[in-house]
Number of protein chains: 2
Amino acid sequence: MHDHHPFIETLRQREYRITPQREMIIEAVTTSGSEHVTAEEIFEQVHDKSSALNIATVYRTLEILVEEGLISRADLGGGQMVYATSHHGPHIHLVCRYCWQVIDADYDLIAPFGDALRAQYGFSADLQHLAVFGVCATCMAALEE
Amino acid sequence: MHDHHPFIETLRQREYRITPQREMIIEAVTTSGSEHVTAEEIFEQVHDKSSALNIATVYRTLEILVEEGLISRADLGGGQMVYATSHHGPHIHLVCRYCWQVIDADYDLIAPFGDALRAQYGFSADLQHLAVFGVCATCMAALEE
DNA sequence: TCGCTTATTGCGAGTAATTGCAAATACAAG
DNA sequence: CTTGTATTTGCAATTACTCGCAATAAGCGA
């Protein structure tokens with residue numbers, strides 16, 4: 001019983017059933033070269049190898065992985081959610097709503113805010129993969145000209 | 001040529017054309033009793049009085065109002081975006097991803113984060129109507145039991 | 001190994017929001 | 001008031017995602 005991937009082992013321990021679909025999706029999401037993947041990209045990557053997969057299953061599996069804290073999801077505004085494995089470490093995305101450029105910002109900037117929410121409201125905010133919308137320096141300069 | 005609503009006047013000054021549809025949508029979004037409205041609610045409210053309106057026009061008009069800074073939009077996670085007029089004042093929504101309860105939090109908590117982003121990255125973040133996802137105190141207690 | 005139970009999948013329908021394009025119309029100029 | 005034209009609208013198609021339900025199959029015990 002050798003499972004090849006720690007995510008599989010974690011899911012098994014938490015009493016999820018290990019299906020070929022889930023194995024393929026986990027394989028795809030964790031071996032992706034880029035930092036962020038969309039559900040559609042995962043679907044295509046897996047579908048190339050095996051046609052036994054439905055897009056709804058991709059969404060449902062990613063949902064489980066997010067709930068179990070193995071991956072994180074962010075809305076970068078391009079009309080699709082993006083997913084990242086948690087071992088990339090917490091980070092913030094600053095998304096410009098004019099040029100759609102994404103700037104990666106230091107997580108430490110938002111950490112005090114998370115602490116304050118926990119202290120004041122008992123609320124544990126998901127800030128490890130936060131997307132913040134706004135206007136970047138370049139576009140701001142262009143607007144003010 | 002008396003326009004009744006400051007938003008109309010602002011749009012006219014910025015060289016948008018004033019159509020009956022835009023007037024009705026602005027009327028609906030600003031006279032709504034509740035703090036947040038959805039595009040669908042606005043559409044229904046206006047459609048009751050005049051059938052000359054399409055849902056796509058509602059979305060396009062709201063988009064303009066957001067871009068012009070007259071209203072703000074937030075994704076509270078229920079599958080629908082909610083809109084609020086800016087004069088309600090800045091506020092944060094803490095959305096629990098288990099029970100979907102929404103807690104209104106003090107804007108002052110997030111203000112230092114916005115300042116830091118501006119200082120360090122020249123990025124002007126839209127934080128005046130931010131939705132933050134996480135787990136509320138009640139659900140957290142239930143999970144840890 | 002063979003069933004049994006229950007989680008999971010695939011499929012199709014449904015939802016909120018966006019977009020391309022032709023028809024309609026706001027508004028300025030004559 | 002009429003005309004010209006660029007903007008805006010309505011419509012239909014499309015996208016990203018979700019959901020209900022019947023069929024399938026994972027994992028357990030015998």
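Only this structure's heavy atoms are used, side chains among them; waters, hydrogens and symmetry mates stay out. In what follows, every chain begins at residue 1, and chains take the letters A, B, ... in the order their sequences are listed.
One can place CD of B:Glu40 at 16 Å from P of C:dG14, the figure rounded to the nearest angstrom. When rounded to the nearest whole Å, the span between CZ of A:Arg22 and P of C:dT8 equals 4 Å. The interatomic distance linking A:Met81 (CE) with C:dA17 (P) rounds to 12 Å, in whole Å. Distance, A:Phe43 CZ to C:dG10 C1': 11 Å, rounded to whole Å. Separating the CZ atom of B:Arg12 from the C1' atom of C:dA26 is a distance of 10 Å, rounded to the nearest angstrom. Regarding A:Leu53, its CG atom lies at a distance of 10 Å from the P atom of C:dC11, rounded to whole Å. Distance CE (A:Met24) to C1' (C:dT9): 11 Å, rounded to an integer number of Å. Distance, B:Glu44 CD to C:dA16 C1': 13 Å, rounded to whole Å.
For residues 43-83 of chain A, every residue pair satisfying the ring pair (Phe, Tyr, Trp, His ring centres under 6.0 Å) rule, not counting sequence neighbours, is listed here: A:Phe43-A:His47. Every pair passing side chain to side chain donor-acceptor pair (under 3.5 Å) that includes a residue from residues 96-108 of chain B is listed here, sequence neighbours excluded: A:Asp126-B:Arg97, B:His93-B:Asp104. Identified under the salt bridge (Lys or Arg N to Asp or Glu O under 4.0 Å) test for residues 83-94 of chain B, with sequence neighbours left out: none.
Heavy-atom nearest nucleotides on DNA chain C were determined for B:Gln80 and for B:Tyr16, and the one closer to the 5' end corresponds to B:Gln80.
Residues that satisfy the side-chain hydrogen bond (donor to acceptor under 3.5 Å, both in side chains) test with B:Thr38, not counting sequence neighbours, are absent from this structure.
The main-chain N or O of B:Thr57 is never found under 3.5 Å from a side-chain atom of B:Arg22 such that the two would form a donor-acceptor pair. Checked by atom type and distance alone, the side chain of B:Arg12 never pairs as donor or acceptor with a backbone atom of B:Arg17 at under 3.5 Å. A donor-acceptor pair under 3.5 Å is absent between the side-chain atoms of B:Ser32 and the main chain of B:Ala28, judged by distance alone.
For the OP1/OP2 pair of C:dT9 and a distance below 4.0 Å, the side-chain nitrogens and oxygens of A:Arg17 include no atom meeting the criterion. For B:Gln21, no side-chain nitrogen or oxygen approaches OP1 or OP2 of C:dA26 to under 4.0 Å. Within the 4.0 Å cut-off from OP1 or OP2 of C:dT9, not a single side-chain nitrogen or oxygen of A:Asn54 is found.
With no hydrogens or angles considered, no side-chain donor-acceptor pair links B:Gln128 and B:His91 at under 3.5 Å.
Looking at heavy atoms from C-beta onward, B:Val37 lies out of side-chain contact with B:Gln45 at the 4.5 angstrom threshold.
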Which protein N or O atoms sit under 3.5 Å from an N or O of nucleotides 18-22 of chain C?
from	atom 1	to	atom 2	distance (Å)
C:dG20	O6	B:Arg60	NH1	3.4

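Checking C:dT9, C:dA17, C:dG10 against the side-chain heavy atoms of A:Thr19 singles out C:dT9 as nearest.
Along DNA chain D, the stretch of nucleotides lying under 4.0 Å from any heavy atom of chain B spans, 5' to 3', D:dA6 to D:dC11.
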